[in-house]
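Worksheet: one structure, shown below.
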Amino acid sequence: MARPLIQLALDTLDIPQTLKLASLTAPYIDIFEIGTPSIKYNGIALVKEFKKRFPNKLLLVDLKTMDAGEYEATPFFAAGADITTVLGVAGLATIKGVINAANKHNAEVQVDLINVPDKAACARESAKAGAQIVGIHTGLDAQAAGQTPFADLQAIAKLGLPVRISVAGGIKASTAQQVVKTGANIIVVGAAIYGAASPADAARAPIYEQVVAAAA
Ligand SMILES: O=C([C@H](O)CO)[C@H](O)[C@H](O)COP(=O)(O)O
């Protein structure tokens, strides 16, 4: 099995702290994600800074686009984003707009299934429209209410769609192997790394090593 990619969700607002976290964890991370709170707070300059400092890493900008897909996503792809996210609940016109923007920049689109009522239908339509990734995502507020992404991951993985599957929502060391075995291609980890006493140790031993072991 090809090793799934590990994505670090950087949801902190402070730029020096965000860049420090990225540097500390870089050896164990494939995709840096500029999280939604951070991109709203810090803007496109941070995309340019990441591309300059980490030219060999993939960069996902978690725009969670809800409307004006092509118009909103275009400058972020132009600034160096390899992937941006669009909400599944935004509907197909917006999703297709972001796909158009990505295609013009040789980049990729992740459709985030957060709060989508019929996730299988949305995943199918997104794949058909040309999205490369669908995101199974239990957001921070839903996590606080006790929800997890595992059942949704299992249901979408079973569909066998021609898209990569990303999973996010409180993934940690004890669940990393489970999500890999269920079929996730991209494992997103935020708080379990950036909230750890040693983010580098948390990224390496519990996450990276678990993902490598599960994929072996
Ligand atoms: O996308 C996210 C959330 O909506 C806030 O932007 C998080 O980055 C994602 O849930 C991963 O973070 P953890 O759940 O803390 O692992």
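Order of listing sets the numbers, starting from 1, for every ligand and every atom in it. Just so we're clear, the structure is a prediction, and the values are computed from it rather than from any experiment.
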Which pairs, with at least one residue in residues 4-36 and sequence neighbours excluded, count as a ring pair (Phe, Tyr, Trp, His ring centres under 6.0 Å)? Tyr28-Tyr208, Phe32-Phe50, Phe32-Phe54
Validation: residues 141-160 side-chain donor-acceptor distances under 3.5 Å, sequence neighbours left out:
residue: Gln143; atom: OE1; partner: Gly170; partner atom: N; Å: 3.3
residue: Gln143; atom: NE2; partner: Thr138; partner atom: O; Å: 3.1

Ser126 side-chain N/O to Ala131 backbone N/O, donor-acceptor pair under 3.5 Å: no
Strictly by ring pair (Phe, Tyr, Trp, His ring centres under 6.0 Å), give each pair with a member in residues 74-117 just once, sequence neighbours left out. none
Would you say Thr36's side chain and Asp62's backbone share a donor-acceptor pair under 3.5 angstrom? yes
Does any N or O in the side chain of Asp30 come within less than 3.5 Å of the main-chain N or O of Ile6, such that one atom is a donor and the other an acceptor? yes
Table of N or O contacts for ligand 1, cutoff 3.5 Å:
residue: ligand 1; atom: 1 (O); partner: Asp62; partner atom: OD2; Å: 3.3
residue: ligand 1; atom: 1 (O); partner: Lys64; partner atom: NZ; Å: 3.2
residue: ligand 1; atom: 1 (O); partner: His137; partner atom: NE2; Å: 3.3
residue: ligand 1; atom: 4 (O); partner: Lys64; partner atom: NZ; Å: 3.0
residue: ligand 1; atom: 4 (O); partner: His137; partner atom: NE2; Å: 3.4
residue: ligand 1; atom: 6 (O); partner: Asp11; partner atom: OD1; Å: 3.3
residue: ligand 1; atom: 6 (O); partner: Lys64; partner atom: NZ; Å: 3.4
residue: ligand 1; atom: 8 (O); partner: Asp11; partner atom: OD2; Å: 2.7
residue: ligand 1; atom: 8 (O); partner: Glu33; partner atom: OE2; Å: 3.4
residue: ligand 1; atom: 10 (O); partner: His137; partner atom: NE2; Å: 3.1
residue: ligand 1; atom: 14 (O); partner: Gln143; partner atom: NE2; Å: 2.7
residue: ligand 1; atom: 14 (O); partner: Gly170; partner atom: N; Å: 2.8
residue: ligand 1; atom: 15 (O); partner: Ala191; partner atom: N; Å: 2.9
residue: ligand 1; atom: 16 (O); partner: Gly190; partner atom: N; Å: 2.8

